[in-house]
Structure formats: structure tokens, C-alpha cells
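Residue numbers run from 1 in the order of the sequence given.
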Amino acid sequence: MNLHRLDLVSLSLFTLVVRTGSISKGAVLANLAVGAASKRISDLELMTGTPLLERHSRGVILTVAGKALHGHAQRILSDVDLLAADLSDYASGLVGVVRLWANTSAVTQFLPNDLASFTAANPGIRIEFEEGDSREIVVAVLDGRADLGIFADRTPALGLDLVTYRRDRLSLVVPRAHVLSERQSVYFEEVVDHDFVSLSAGTSLAERLQAETEALGRNLKLRIRVRSFDAMCKMVSAGMGIAVLPSEAVQELAGSLDLRQIALKDAWAERSLLIGLRDAGAIPRHVRLLVDHLADAPPGR
């Protein structure tokens, strides 16, 4: 069996024959004469060394081998379409693609403006973006699904080169009518006995809160877990508890939902957001341009 002689025209024809249930109808869709189409199908069967179609007066039916070939043919043709799209981008001036993963804190506070200024200065570089939890982001960089990732400090990142992206500060968020709402600042120990709203388990913010509670020898009173900062703020507004959130990320929501932000005086409330790379010395130039842009981004940009 020598499948290196398989050609895309024959594979495309085969999928059309399967779709229509007829060699003649498939030939029409492929813009081929029926005789030429029939020969291509026969050649496929010779190359694979097995019948691919059962021919009947009303059309054709796939054999077991034909089903296997059909699945592979669909994937191959899909990959060719993706290749064509990528090459089209390069033909129109694309310099490179950067696969960037980032956590919600980076997305809601800093990345929109930083990426907008980068793409304006580098129109030939396309960014493929994915939002995820900090631990997921580290794994994505390590296994090659991401060129770089942005995640919170304290996230285990063995095997990655790290660069500081930004620093942010966590604050306590409470309803306007809450007993704590008149306070300007607090230590976490003073409020740990209240009911809390938290992000899903496994997120860097939820793990940070849990670790600091355990360091105090206390148990965190979790009333509810949700999956976004927006949902957390809405739960706090509804009286489900109080929350610890990045200050800049919730400024607009705090205003619209009549919430109060109270400064946390604990040292751990100041965090670093980090850029992680598999090998900072061996990344392509277009990835390096984005890393340098993000690492140099001033807080006010």
C-alpha cells in the first residue's frame, strides 16, 4: 500500500461522493466527467488495497474501510483549508501570530489598552487570545499551546521564565448599607468572619483568599462561588456576602451597583501579574516584540 500518491482532488471527490451517495452526483459537484470521477475512485481503491464503496443501482454505500478513509479525508481537507487561510494572511502582509493566554485580572484591568496600542504599532502581527485561570495558563505555555501567558504571582510556574507585567491591589467590596461600608481600610483578619462571595475553586484569587484565611487559623465562610468578577459584584450587591477583588477591575461595577471598595492593609493584597515564557532567549521576534511592549507598559497607558 502506497498512500503517498493520494491527491487532494481525489480526496475531495470521495467526500462529495459520500455526501451525495452517488459517483455521478459527486462528479458534478467536483466539476469532473463521470468517467474521470469513476477512475479516480477506482484508483483510490487500488492505492488503499481495499474496496471503499459498495456500488448499487441506487448509488453507493461506504464499506468499513471507506468510513475510515472518509474521516481522514475530512480532516486532511479541513487542515488544507486552514493552511490556505494562514498563507493568505502571510501573503497579505502578516508577520506572525502570537498565542497569548491571560487571566481575568489582566484582561479586565490592563490588557485591552496594551493590546490596542501594540496592534496599532504592529499591524502585521495577529494575536490569538485565550482567557483562563492562572494554573491553566501555566500548563498551556509549558505544553506549547500558548507562546506566552499572563497569570498571578504565587502560581506554581516551574520551568517558565518570568517577567513582571503589572502590579495590582486587592480591595474588600461590600454593599453600601453594610456594617463595614464606612471603613476606609481594614486588615483581612478584622473581616474574615463575615460571609464571602468567591471565584471558583482553583483560581489564583480563590486560592490566595483560602491560604490567607488558613494562615490566620480560621475557616473562610464561603456563601457562594461564581465564575466572574461581574457575577461576584452582583452577588455582593444582592447581599450574599462580601468579596475580595482587584480594585481597578471593579471600579465601574462598584459605581453602577452601589458598592463600596475598602482598602486592605495586608501586604498580600498587593499582587504581581507575571508574563511566563518557556524560553525567553529563544522566542521568535514577533513574540519578543509583544513581551517587550507588555513589560514596558506604563500603568497609565
Cluster partners of Val64, using ILVMFWY side-chain heavy atoms under 4.5 angstrom, listed by chain and number? none

Are [X] and [Y] side-chain neighbours, meaning at least one heavy-atom pair lies under 4.5 Å?
X: Pro175; Y: Val236; answer: yes
X: Leu259; Y: Leu253; answer: no
X: Ile137; Y: Asn103; answer: yes
X: Val173; Y: Val197; answer: no
X: Arg135; Y: Pro156; answer: yes
X: Leu172; Y: Val186; answer: yes
X: Glu130; Y: Glu136; answer: no
X: Leu53; Y: Leu62; answer: yes

What side-chain donor-acceptor pairs closer than 3.5 Å can you find for residues 223-235, not counting sequence neighbours?
unit_1, atom_1, unit_2, atom_2, d
Arg223, NH1, Met240, O, 3.4
Arg225, NH1, Leu199, O, 3.1
Ser228, OG, Ala231, N, 3.0

Closest approach of [X] to [Y] (non-hydrogen atoms, all atoms of both residues):
X: Ala102; Y: Phe129; result: CB-CE1, 3.7 Å
X: Ala37; Y: Ala27; result: CB-CB, 3.5 Å
X: His293; Y: Ser117; result: NE2-OG, 2.9 Å
X: Thr203; Y: Ser200; result: OG1-O, 2.8 Å
X: Ala152; Y: Ser204; result: CB-OG, 3.5 Å
X: Phe118; Y: His286; result: CZ-O, 4.4 Å

Quick check: is [Y] connected to [X] through a chain of hydrophobic side chains (ILVMFWY, heavy atoms under 4.5 Å apart)?
X: Val287; Y: Leu142; result: no
X: Leu46; Y: Leu8; result: no
X: Ile61; Y: Leu44; result: no
X: Leu13; Y: Leu29; result: no
X: Val34; Y: Val60; result: no

Any residue meeting side chain to side chain donor-acceptor pair (under 3.5 Å) with His72, in chain and number order, not counting sequence neighbours: Arg75

With sequence neighbours excluded, residues passing side chain to side chain donor-acceptor pair (under 3.5 Å) with Ser10: Asp7, Arg40

Which residues satisfy the side chain to side chain contact (heavy atoms under 4.5 Å, CB included) test with [X], sequence neighbours excluded?
X: Asp143; answer: Val139, Arg145
X: Arg176; answer: Asp258, Arg260
X: Ala157; answer: Val138, Phe151, Leu160, Leu162

Solution key, residues 264-281 side-chain donor-acceptor pairs under 3.5 Å, sequence neighbours excluded:
unit_1, atom_1, unit_2, atom_2, d
Asp266, OD1, Phe188, N, 2.8
Trp268, NE1, Glu212, OE1, 3.4
Arg271, NE, Asp168, OD1, 3.1
Arg271, NH2, Ser105, OG, 2.8
Arg271, NH2, Asp168, OD2, 2.7
Ser272, OG, Arg167, NH1, 2.5
Arg278, NH1, Val141, O, 2.7
Arg278, NH1, Ala146, O, 3.2
Asp279, OD1, Gly281, N, 3.1

Just verifying a value: how many Å separate [X] [atom1] and [Y] [atom2], rounded to the nearest 0.5 Å?
X: Leu245; Y: Ser198; atom1: CG; atom2: OG; answer: 9.0 Å
X: Ser42; Y: Met47; atom1: OG; atom2: CE; answer: 10.5 Å
X: Arg208; Y: Arg154; atom1: CZ; atom2: CZ; answer: 4.0 Å
X: Leu100; Y: Leu290; atom1: CG; atom2: CG; answer: 6.0 Å
X: Asn122; Y: Leu115; atom1: CG; atom2: CG; answer: 11.5 Å
X: Asp292; Y: Arg285; atom1: CG; atom2: CZ; answer: 10.0 Å

Between the main-chain N or O of [Y] and the side-chain N or O of [X], is there a donor-acceptor pair closer than 3.5 Å?
X: His178; Y: Leu180; answer: yes
X: Ser181; Y: Ala177; answer: no
X: Ser12; Y: Val9; answer: no

Return the set of residues passing salt bridge (charged side-chain N to carboxylate O under 4.0 Å, His left out) with [X] (not counting sequence neighbours), or none when no residue passes.
X: Glu45; result: Arg55
X: Lys39; result: Asp43
X: Glu190; result: Arg183

Any chance CD of Glu252 has more than 12 other-residue heavy atoms, nucleotides or ligands included, within less than 6.0 Å? no

Within the supplied structure, the quantity of interest is the number of heavy atoms (other residues, nucleotides, ligands) at a distance under 6.0 Å from Tyr187 OH; does it exceed 12? no

Under the side-chain hydrogen bond (donor to acceptor under 3.5 Å, both in side chains) definition, can you give me all pairs with a residue in residues 16-25, not counting sequence neighbours? Ser22-Ser24

Apply side-chain contact (heavy atoms from CB on, under 4.5 Å) to Ile127 and Thr119, showing your working. CA-CA 8 Å; Ile127 297 172; Thr119 54; 4.0 Å; yes

Is there a side chain to side chain donor-acceptor pair (under 3.5 Å) between Glu131 and Thr104? Walk through the geometry before answering. CA-CA 7 Å; Glu131 184 176 349; Thr104 303; 2.7 Å; yes

Can Val97 and Asp147 be said to form a side-chain contact (heavy atoms from CB on, under 4.5 Å), step by step? CA-CA 9 Å; Val97 177; Asp147 297 308; 6.0 Å; no

Answer yes when Lys221 and Asp195 have at least one side-chain N-carboxylate O distance shorter than 4.0 Å, and no when they do not. no

Among Leu148, Leu294, Val291, the one residue meeting side-chain contact (heavy atoms from CB on, under 4.5 Å) with Tyr165: Leu294

